[in-house]
Amino acid sequence: MSMITERPVSNPAGQPPVRTVVEEPARRHLRSVVAAYVALTKPRIVELLLVTTVPAMMLADGGLPSLWLVAVVLVGGSLAAGAASVINCYIDRDIDQLMRRTKRRPLPAHTVSPRNALVFGLVLAAVSVVLMAAFTNLLAAGLTLAAIVYYDLVYTLWLKRTTPTNTFWGGACGAAPVLIGWAAVTGSLAPQAWVLFGVVFFWQMPHFYPLAMKYKDDYARAGIPMLPVVASARRVNAEILTFAWITVLLSLALWPMGMSAIYGVPTLVVGGIFVAEAHRLCRRVTRGEAVKPMRLFHWSTTYLTILFAAVALDALV
């Protein structure tokens, strides 16, 4: 049965009426529900995770892995990241309704019921792990399951609500796709995989703390002890700078581990800009100037994207 009807529209010039296509309410409702379920998976986070996965696979293979394997890992990884985000939304539904940044998410907005969200998340998680186990190997599947469990049960349910070091200890989840991609190709984990894991792990502090600075009042209202909420500006600055420098130094440590200047030169350049932006933000905070934390937040994403693009290009060449 068609969900589309045509409605005549009068023409003031006396011409024959123009017929416009109007969507029935049922179709509009279906589209909004689908959009709500997609929103629960936090697609932008999924995209960022996949940016690190494929280059890690290429470096592990020393070129371009089987396209079938890449497709399986991309689908499995997307489902796993989406599952973790959906279950995160289910667990955080109480605090999401208190924060301006998150109160329009599907659960606090009552677009999706908590039960349906939980079932959706668990199904995605099960499918992702089974897919990885069936078409890659047990190490990659085990890492996938561990990342989901750690993110939702250890980070979301416990660390996020109890300690200002939550971002640090929760960083393992965001860095896990590097290990998963490597393991899917080789069935093991080499030193280069752990270096890339470290890059993404430490990068998350200078990436996320600016966001937490911008939404400091939101987190305080929800009772979430993010570092900028409970610590002094000096402490936050120190952590941003420390972890920005560690990130860049680790990325450069990969250069002598079989990488060429194709990786090293752009990594050195974007790393310098990344550290400079971190120092610029911290100087503004110290001087009491307009902080503009999202500048570092957005640049950190660009930095990571360029760095892993260099990894992929070096592996191909």
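The chain is numbered in sequence order, starting from 1.
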Value for OG1 (T167) from CZ (F208), rounded to nearest 0.5 Å, stands at 5.0 Å

Do you know which two heavy atoms are closest between G82 and L124, and how far apart they sit? C-CD1, 4.2 Å

Looking only at side chains, do Y215 and R221 share a donor and an acceptor under 3.5 Å apart? no

Could you check if a side-chain atom of W169 sits within less than 4.5 angstrom of a side-chain atom of Y155, using non-hydrogen atoms only? no

Test M205 against I246 for side-chain contact (heavy atoms from CB on, under 4.5 Å), laying out the working first. CA-CA 11 Å; M205 273 64 74; I246 291 175; over 6 Å; no

Consider only side-chain heavy atoms of I, L, V, M, F, W and Y, link residues closer than 4.5 Å, and tell whether M58 and V72 are in one cluster. no

Could you state the interatomic distance from OG1 (T286) to NE2 (H279), rounded to the nearest 0.5 Å? 11.0 Å

Linked, directly or transitively: M294 and L304 (ILVMFWY side chains, under 4.5 Å): yes

Which atoms form the tightest heavy-atom contact between N116 and Y37, and what is the distance? CB-OH, 3.3 Å

Carefully, step by step, assess S78 and L50 under the rule side-chain contact (heavy atoms from CB on, under 4.5 Å). CA-CA 7 Å; S78 297; L50 296 182; 3.1 Å; yes

Are L179 and F308 grouped together when hydrophobic residues (ILVMFWY) are joined by side-chain heavy atoms under 4.5 angstrom apart? yes

Would you give the length of the straight line joining atom CG of D96 to atom CZ of R104, rounded to the nearest 0.5 angstrom? 13.0 Å

Give me the ring orientation class for F201 and F168: parallel if the planes are under 30° apart, tilted from 30 to 60°, perpendicular past 60°. perpendicular

Aromatic ring pairing F202/F243, orientation class (parallel under 30°, perpendicular over 60°, tilted between): parallel

Can you tell me if R283 has over 12 outside heavy atoms packed within less than 6.0 Å of its CZ? yes

Between E277 and R280, does any side-chain N to carboxylate O distance fall below 4.0 Å? yes

Looking at T136 and A184, would you say the former's side chain and the latter's main chain have a donor-acceptor pair under 3.5 Å? no

What's the shortest heavy-atom distance between P106 and A36, and which atoms? CG-O, 3.3 Å

Shortest non-hydrogen pair, A183 vs L143, comes out as CB-CD1, 4.0 Å

Rounded to the nearest 0.5 angstrom, the CE-CD1 distance for M99 and I224 is 7.5 Å

Rounded to the nearest 0.5 angstrom, the CZ-CG distance for R235 and N237 is 12.0 Å

Flag the pair R93 / Y90 as yes when at least one side-chain heavy-atom distance between them is below 4.5 Å, and no otherwise. yes

T156, N166, D92 screened by side chain to side chain donor-acceptor pair (under 3.5 Å) with R161, the one that passes: D92

Candidate pair S260 and V317, rule side-chain contact (heavy atoms from CB on, under 4.5 Å), full reasoning: CA-CA 9 Å; S260 72; V317 176; over 6 Å; no

Does the side-chain contact (heavy atoms from CB on, under 4.5 Å) test come out yes or no for M226 and K160, once each step is laid out? CA-CA 8 Å; M226 291 298 178; K160 182 176 180 178; 4.1 Å; yes

State, with a plain yes or no, whether a side-chain heavy atom of L107 is found less than 4.5 Å away from one of L40. yes

Is the backbone N or O of D152 less than 3.5 Å from a side-chain atom of N88, with the two atoms forming a donor-acceptor pair by type? no

Following the transitive rule for hydrophobic clusters with a side-chain heavy-atom cut-off under 4.5 Å over Ile, Leu, Val, Met, Phe, Trp and Tyr, establish whether W255 and L316 coincide in one cluster. yes

Is it true that R101 and D218 have a side-chain N and a carboxylate O under 4.0 angstrom from each other? no

Is any side-chain heavy atom of S251 closer than 4.5 Å to one of F274? no

Would you check if V291 and L281 make a side-chain contact, meaning some heavy-atom pair closer than 4.5 Å? yes

Can you check whether L254 reaches T267 side chain to side chain, under 4.5 Å on heavy atoms? no

How many angstroms lie between CH2 in W182 and CG in L196, if you round to the nearest 0.5 Å? 6.5 Å

Looking only at heavy atoms, which two atoms of L59 and Q192 are closest? And how far apart? CD2-CB, 4.4 Å

Beyond-backbone contact of I148 with S128, side-chain heavy atoms, under 4.5 angstrom: yes

Between L227 and Y209, is there a side-chain heavy-atom distance shorter than 4.5 Å? yes

May I ask whether L122 and I91 are part of the same hydrophobic cluster, defined by side-chain heavy atoms of I, L, V, M, F, W, Y residues being less than 4.5 angstrom apart, directly or through others? yes

Backbone of L159 reached by a side-chain donor or acceptor of T163 within 3.5 Å: no

Which pair of heavy atoms, one from T102 and one from I95, lies closest together, and at what distance? OG1-O, 4.4 Å

Greater than 12 external heavy atoms within 6.0 Å of K214's NZ: no

